[in-house]
Number of protein chains: 2
Amino acid sequence: MKRIAIDAMGGDNAPQAVIQGVNQALKDFDDIEIQLYGDEAKINPLLEMNNRVSIIHTEEKITYDDEPAKAIRRKKDASMVLAAKAVKDGQADALFSAGNTGALLAAGFFIVGRIKNIDRPGLMSTLPTIDGKGFDMMDLGANAENTAHHLYQYAIMGSFYAQHVRGVAKPRIGLLNNGTEESKGDPLRKEAFELLAADSNLNFIGNVEARDLMSGVADVVVTDGFTGNAVLKTMEGTAIGIMSQLKQTVLAGGFKAKLGALLLKKDLKKLKSSLDYSDAGGAVLLGLKAPVVKAHGSSDAKAIYSTIRQIRSMLDSDLVEKSVQEFERLKND
Amino acid sequence: MKRIAIDAMGGDNAPQAVIQGVNQALKDFDDIEIQLYGDEAKINPLLEMNNRVSIIHTEEKITYDDEPAKAIRRKKDASMVLAAKAVKDGQADALFSAGNTGALLAAGFFIVGRIKNIDRPGLMSTLPTIDGKGFDMMDLGANAENTAHHLYQYAIMGSFYAQHVRGVAKPRIGLLNNGTEESKGDPLRKEAFELLAADSNLNFIGNVEARDLMSGVADVVVTDGFTGNAVLKTMEGTAIGIMSQLKQTVLAGGFKAKLGALLLKKDLKKLKSSLDYSDAGGAVLLGLKAPVVKAHGSSDAKAIYSTIRQIRSMLDSDLVEKSVQEFERLKND
């Protein structure tokens, strides 16, 4: 049985969306057990009875306005903190929240703890490509600064994830850079390039440019947290911007445009959902002793459900144990 | 008379697109004089006679495959090099090419030369926003590394450009960061924040996130060249990706979808052109002794025309001389 500790109070639509996603997941997957941390009075009316779900009542919670590290230290009974402690104490196998990202990162670092020999856990997400296959990118902002060695470790972890969770046979690893030539970039990129190229266990394909990410130039893309964060947010902002301009264009257009949009409505919805990477699950904080996963704050029931399915795959593939062994082996090399 | 030296052989569609753009610009603006550097035999048949245009014949040119700095040094008679030398020698007031970006940057740095007291020229473009007003961002990749002081100088130059060329009264300056709070970012951002906040001549609005760029959160956004390059290329890649998915969706859709797309065709074209920032001109290498402007390699006649119009505005507003004075003043402060 895979035991998932969920912060039921995290996210814009909590606890409703969280509980609805949980209800569906419990129906579809009979090998998971869910522990819900949060306000019993709010959770109970929404929850469908199931012997594989339990509520651990607490009224304290972390909000978006809380200063992450401080909140984790001071709000000892917050739903997110109790869920993280359950993982640390071996009562649960994975941690999931749609709440305050910084606080979840802090809970991951300080309560769940990192894998020995991994210097800096990083945030990874599966982002959309035109062909629908997606690519994994990290670090998306868990760190404001990274060394070349961190990037090298991200390549190993990202490759493991792509292989074992997404089923990509020999994940192509790319280093995000300001050009594809080997000599490109600042000292950080140049050093990372050398580390990546020197490891024959990795399917390193060299430098990749941000322009080619959506066309699927690599299965795994590594970069520092500052750049990763900027790239992720640019993708989001550009997609939202274009969709909103499309809408404006139609609204400002004449009858012909409106009729056209009406006829295209179903297909535009499909397009929007193909761009919506929440379908591939949440962002994973890789490098910790257990899967710690963050769903978008605006997650609906479907996104929560997808993230539970993703966590189940991570536990199924024994990703963390495989990472522990790999980094142990590397250390002894 | 504003004298513009143009590398007629630079760009995917050179010299055709270049000459067509020049023909139109000479018709519309009677205060410009164009010097075309390139192969006379190829340029002449395309050029409409005008006493404000001249051809300086050369058969050598720089290609996309040339290593930039080396090409500038060795190909002494290349069209781009001769055009740059004309600016250096005071025979022309501005340099324009749609060719090899790295080579143009090198020609700018080493031939045209930088303004005294400006440490590192940077590449700036006006990028699209939803409301159509656009924002200026720099450095977009002239440098792989920057200091906080460079970013501070970019804010001054970007603000000057927004004000004098785009007519924005008090340009709002944002520092691209991984969060809006003052304490965010790596040491580079923190130091840049302090420098920007300390200068009361700048309308500094604080940190801005990449997600909000397209909604027009600032008129000028400053960042280091590595991040700026990644953000710019992510915007391009995401826009291309979404447009291509939209097309696929329609092609895969039924009769209804195709009819809808047909009815929307004109409006979709309008959308595409509103996303096409080449209308706002090329990328400017700010910090040099004269305007040096790079148009996209795939520029058509319209993009070339827009860039000539932009250069004319830069010369009209005396942007370079104003920058020279401002940086002289700052030095003496």
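Excluded from the calculations below are hydrogen atoms, water molecules and symmetry mates; all remaining heavy atoms, backbone and side chain alike, are included. Note on naming: letters A, B, ... go to the chains in the order of the sequence lines (proteins, then strands), and numbering restarts at 1 for each one.
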Atom pair [atom1] ([X]) and [atom2] ([Y]), whose distance is rounded to the nearest 0.5 Å:
X	Y	atom1	atom2	result
A:Ile130	B:Lys247	CD1	NZ	12.0 Å
B:Leu127	A:Thr238	CG	OG1	10.0 Å
B:Asn178	A:Leu140	CG	CG	12.0 Å
A:Leu259	B:Leu263	CG	CG	5.0 Å
A:Arg211	B:Leu232	CZ	CG	7.5 Å

Part of B:Leu246 lying under 4.5 Å from any heavy atom of chain A: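 Its backbone and side chain both get close to chain A.
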Heavy-atom proximity to chain A below 4.5 Å, by part of B:Thr227: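 When you check distances to chain A, only side chain atoms of B:Thr227 fall under 4.5 Å.
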Contact winner vs chain A - B:Pro187, B:Gly185, B:Gly141, B:Gly225, heavy-atom pairs under 4.5 Å: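 Option with the top pair count is B:Pro187.
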Chain A contacts, top residue of B:Glu181, B:Met235, B:Arg189 (heavy-atom pairs, under 4.5 Å):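 Ranked by heavy-atom pairs under 4.5 Å with chain A, first place is B:Arg189.
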Heavy-atom distance under 4.5 Å to chain B: side chain of [X], backbone, both or neither?
X	answer
A:Asp186	both
A:Gln248	side chain
A:Ser215	neither

Closest approach of B:Ala210 to A:Ala230 (non-hydrogen atoms, all atoms of both residues):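 For B:Ala210 versus A:Ala230, the nearest heavy atoms are CB-O, 3.4 Å.
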Closest contact, heavy atoms only, B:Asn177 versus A:Phe226: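 In terms of heavy atoms, the two residues are closest at OD1-CE1, 3.4 Å.
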Selection from A:Leu176, A:Asn229, A:Leu213 maximising heavy-atom pairs under 4.5 Å formed with chain B: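 Max contact count across the listed options: A:Asn229.
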Options A:Asp212, A:Val231, A:Leu262, ranked by heavy-atom pairs under 4.5 Å with chain B, top entry: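 Of the options given, most contacts go to A:Val231.
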